[in-house]
Amino acid sequence: MENNKNEEDFSITEKFLMIFFWFRAVLIGDWNLRKDGYTLKHRNRLICIAIGILFYSIIVLYANV
């Protein structure tokens, strides 16, 4: 079972929620995923948070135009 940890990923729903509520993922998220062997989940969490920040930044920039 230890080898399957690396292949585990978030569902599509979890990814969308992480993108739209990225601030919650940053504040409450479990940051020990890589240490626990979930390297794919760790990488995808960082990607979703980055997409969420970019998404909100674009909205704020267009709102100020």
Side-chain angles (χ1 to χ4, degrees):
M1 179 109 179
E2 186 73 27
N3 295 336
N4 292 336
K5 281 184 174 182
N6 192 26
E7 298 173 5
E8 254 185 73
D9 196 10
F10 295 107
S11 69
I12 297 295
T13 307
E14 289 174 322
K15 287 179 182 179
F16 278 119
L17 289 174
M18 219 180 310
I19 288 171
F20 291 113
F21 301 108
W22 62 269
F23 46 87
R24 184 175 183 261
V26 169
L27 295 176
I28 302 173
D30 180 21
W31 290 102
N32 295 323
L33 289 173
R34 182 179 280 171
K35 292 178 188 175
D36 294 339
Y38 296 102
T39 54
L40 182 63
K41 274 189 167 185
H42 176 76
R43 183 176 59 93
N44 286 341
R45 178 185 299 245
L46 294 177
I47 290 170
C48 287
I49 290 170
I51 291 170
I53 292 171
L54 181 67
F55 177 73
Y56 276 95
S57 299
I58 290 171
I59 289 174
V60 168
L61 287 174
Y62 280 119
N64 287 330
V65 172

Asker: Nearest 0.5 Å, what's the CZ-CG distance between R34 and L40?
Answerer: 11.5 Å
Asker: Hey, quick one: are I49 and L17 part of the same hydrophobic cluster, counting side-chain heavy atoms closer than 4.5 Å, chains of contacts allowed?
Answerer: yes
Asker: Quick check: closest heavy atoms across L46 and W31, and the distance to 0.1 Å?
Answerer: CD2-CZ3, 3.6 Å
Asker: Membership question, hydrophobic clusters at under 4.5 Å side-chain separation (ILVMFWY): are I59 and W22 in the same one?
Answerer: yes
Asker: Among pairs that include at least one residue of residues 9-18, which meet salt bridge (Lys or Arg N to Asp or Glu O under 4.0 Å), considering only residues two or more places apart or in two chains?
Answerer: D9-K15
Asker: Would you say F10 and Y38 are hydrophobically clustered, going by side-chain heavy atoms of ILVMFWY under 4.5 Å?
Answerer: yes
Asker: Main chain of F20, side chain of Y56: is a donor-acceptor contact present, judged purely on distance under 3.5 Å?
Answerer: yes
Asker: What are the two closest non-hydrogen atoms of R45 and A25, and how far apart are they?
Answerer: NH1-O, 4.1 Å
Asker: Crowded around F16 CZ? As in, over 12 foreign heavy atoms under 6.0 Å?
Answerer: no
Asker: Surrounding CZ of F21 (heavy atoms of other residues, nucleotides or ligands, distance under 6.0 Å), is the total greater than 12?
Answerer: no
Asker: Hey, any chance I53 and V26 share a hydrophobic cluster, counting ILVMFWY side chains that come within less than 4.5 Å of each other, even indirectly?
Answerer: yes
Asker: To check you understand the geometry: which heavy-atom pair defines the closest contact between K41 and E8, and what is its length?
Answerer: CG-O, 3.5 Å
Asker: Could you see if F55 belongs to whatever hydrophobic cluster contains F23? Use Ile, Leu, Val, Met, Phe, Trp, Tyr and a side-chain cutoff under 4.5 Å.
Answerer: yes
